[in-house]
Structure formats: structure tokens, C-alpha cells
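Since the structure comes first, as C-alpha cells, the remarks are kept for the end.
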Protein chains: 2
Amino acid sequence: MPTPHYGQPRYRAIAEQIRERIERGLISPGSLLPPESALTAEFQASRGTIRQALAVLRESNVVATEHGRGTYVAGPACTQRSDWGSESELRYRKVPADSELAVLFAVDAGTTLIEGQGITQKNGAVETVVRIYRIPRTES
Amino acid sequence: MPTPHYGQPRYRAIAEQIRERIERGLISPGSLLPPESALTAEFQASRGTIRQALAVLRESNVVATEHGRGTYVAGPACTQRSDWGSESELRYRKVPADSELAVLFAVDAGTTLIEGQGITQKNGAVETVVRIYRIPRTES
DNA sequence: AGAAATTTGTCCGTATGTATC
DNA sequence: AGATACATACGGACAAATTTC
């Protein structure tokens, strides 16, 4: 069999399926995923491909892996929210890097960055504005 | 040959060597690294291992890769700075409000605001930049 | 405590698809 | 169109950590 991967590569599709399974609650947070050998059998994919899929989920902090133990659903960190008071939206958009950000990130001025902005209010008036910048994820 | 990897795994050692080569300036920022095939020959490692090493550097934003093009050096470390004074966790300065901030704070554009900036780093590269704005405390 | 089984980590080699020059 | 270079996928082998018996 050749290895065609029109559109979505195999490992991403598998990662998506596993992610859905997690978000659907079919695997309780903190519990172990099936071992790579089982996933290999289930998805009829080589172990390398399965590991690539798990790497995607690991990247997104959806799961965590321990040597010799297994891969479990990252429950506590995700589900648990400690003591954050009220909710406020954090909006994202793409902006070109100004000269200062360009220096900090070691990119050319004008390079597209991801900017997130949030605000805190007091008595209906804006108290503080926070902006966070990062380099766009190279994937997706 | 067996696959002994006592201590440091091969791909990490290779990543380290390439990183040193970059930090030493042997490869100018923005230029292309040798292709994976060349690195394969040079380090006498399989292409998979080389790709693992490059993945490490990509993770740290030391390099960036484009499909049929090659792998770039993302740029030297970020010891550079603008006019922020010097080393401190958070640094503040006064800036005029841009139009957007002016709307949020309900002040005139150009009004002086307090801007604080902080950065987070990962492996010597800037990961995120945070800026926080507020109205100067006038009264007491 | 020790041995075996399980599971993830590392590495190799090969083949083919896809994007860029 | 051809050459170059990265992306995806397979299969096999052995190492290292954990669990189980």
C-alpha cells in the first residue's frame, strides 16, 4: 500500500478521534489511555503513527505520558480551576510586530504575531488592560 | 549495532550540537541549515533521529521549518533590549494612549498611561510578551 | 527481593507523498 | 519537467521505567 495523505494526515485524524473520545468523557480524567499497542491494533496504524498522534495531544496538554506507565488524560490541571473570580473574555487577533516586539521575538518588524487582550473592570469602568503576545503556532 | 543510549539520547545530543553551532554564529540567523540528508550523513544517524533533533529545536523556537524549502535559524538569543532600563521582572514606563486604549479607558487619545511589560522565556528564546496598561494614579 | 510481563522511549532502514526551487 | 527537501507512514529491534506476580 502506498502512503497517500490527501488533506489531513493520518496521525492528525487519529489524534482528533482520541480527543473527541476524551472530550466526550469516554475516558475519565486521570485514567489511562489504552496502551500504544492497543491503539495500533484498533486504528490499524503503525506504532510510530500512533505515537505521533499522541504527541499532538501532548502538545495541547490534553494528555500526559510517563515512561513505563502509560498515557493518561490530563485531568486535574484541565478541569480544576482554582480561585479565579469572575470571567472575562480574552480576545485574540493577528497583529504585525512593532519594532520593539520584533527585537524581543527576534523576528522582522511586521511579522504576524498573536495578540490576546483582556480587561479588568471596577464599577463599570475599565481598570486595566492586558495584552499578551506570542509567535503563531507553526502548525495547523 | 544495538541501540545503546546511556544518559543522553542521541537526538538530544545532536540538537545540542546544532544549537551550539547556531549560538556560536556559525549559521547566520535567517539562513538555512544543512538539509536533513546532510545532517544524516554528518552525524551518522538516521533521518528519523535527525528529525527528532530538529523537532526539539523547533519546540524552542530556535529554528523554523518550511515544507519543501528547508529549516531556518529563527534568530539569535534575545539579550537585546530597547529602552526599558535593565533587568527586572516587570518594567514600567509612561506611554500615550493609542486610539484603542483611549476608547477602553474612556479618555482622550494621547493621554498618558502606565505600561508594564514582562516576558517569559523558554530555552533562551522569548516565548510570550505581556503588556499591562492602567491609568496613572493621580490622587491619593 | 527478584523475575517476568507490560508499556513507553529510542533508533534504524525503507518507501512514498507533497511542496519548493 | 527535473531535482531537491521536507512530511508521512510502515516495520523491526532493543533500552528503560513501571507494574505485577
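Worth knowing before you read on, the calculation uses all heavy atoms, side chains too, and leaves out hydrogens, waters and symmetry mates. Letters A, B, ... are given to chains in the order of the sequence lines, protein chains preceding strands, and every chain is numbered from 1.
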- Message: I need the CG-P distance between A/Leu39 and D/dC10, as an integer number of Å.
- Response: 13 Å
- Message: Quick check on C/dC11: is either OP1 or OP2 less than 4.0 Å from any side-chain nitrogen or oxygen of B/Tyr11?
- Response: no
- Item | Spacing between B/Leu54 atom CG and D/dA5 atom P, to the nearest angstrom | 14 Å
- Expressed in angstrom and rounded to an integer, what is the separation of B/Arg10 atom CZ from D/dA15 atom C1'? 15 Å
- Phosphate-side-chain proximity, A/Thr49 and D/dC10, N/O vs OP1/OP2 below 4.0 Å: yes
- Of B/Ala45 and A/Glu36, whose nearest nucleotide on DNA chain C comes first from the 5' end? A/Glu36
- Task: Grab the CZ-P distance between A/Phe43 and D/dA9 for me, whole Å please.
- Result: 13 Å
- Query: Which nucleotide, C/dC11, D/dC6, C/dC12, lies nearest any side-chain atom of B/Gln52?
  - Reply: C/dC11
- Query: Between B/Asp108 and B/Thr111, is there a donor-acceptor pair closer than 3.5 Å when you use the side chain of the first and the backbone of the second?
  - Reply: no
- Query: Which one, D/dC10, D/dA5, C/dT8, comes nearest to the side chain of B/Ser37?
  - Reply: D/dA5
- Task: Can you check whether any acceptor in the base of D/dA5 is under 3.5 Å from a donor in the side chain of B/Arg47, or vice versa?
- Result: no
- Item | Interatomic distance where CD belongs to A/Glu66 and C1' belongs to D/dA17 [whole Å] | 10 Å
- Measure from CZ on A/Arg51 to C1' on C/dG9 and round the result to the nearest Å. 6 Å
- Message: At 4.0 Å (heavy atoms only), tell me whether A/Gly48 reaches a base, stays on the sugar-phosphate, or touches nothing.
- Response: nothing
- Message: Any carboxylate oxygen within less than 4.0 angstrom of a Lys/Arg side-chain nitrogen, looking at A/Glu42 and A/Arg21?
- Response: yes
- Message: Does C/dG9 have its OP1 or OP2 closer than 4.0 Å to a side-chain nitrogen or oxygen of A/Thr65?
- Response: no
- Modelled atom types, side-chain donor and acceptor of A/Arg47 and A/Ser37, under 3.5 Å: no
- Item | Cationic N near anionic O, under 4.0 Å, B/Glu66 to B/Arg58 | no
- Task: Return yes if some donor-acceptor pair links the side-chain N/O of B/Thr40 with the main-chain N/O of B/Glu36 below 3.5 Å, else return no.
- Result: yes
- Assign each of B/His67 and A/Gly68 the nucleotide of DNA chain D bearing its closest heavy atom; nearer the 5' end lies the nucleotide of B/His67
- Query: Separation of A/Arg12 atom CZ from D/dA7 atom C1', in whole Å?
  - Reply: 11 Å
- Rounded to whole angstrom units, what separation is found between the CD atom of B/Gln44 and the P atom of C/dG13? 9 Å
- Task: Respond yes when some side-chain nitrogen or oxygen of A/Arg69 is under 4.0 Å from OP1 or OP2 of C/dT8, and no when none is.
- Result: no
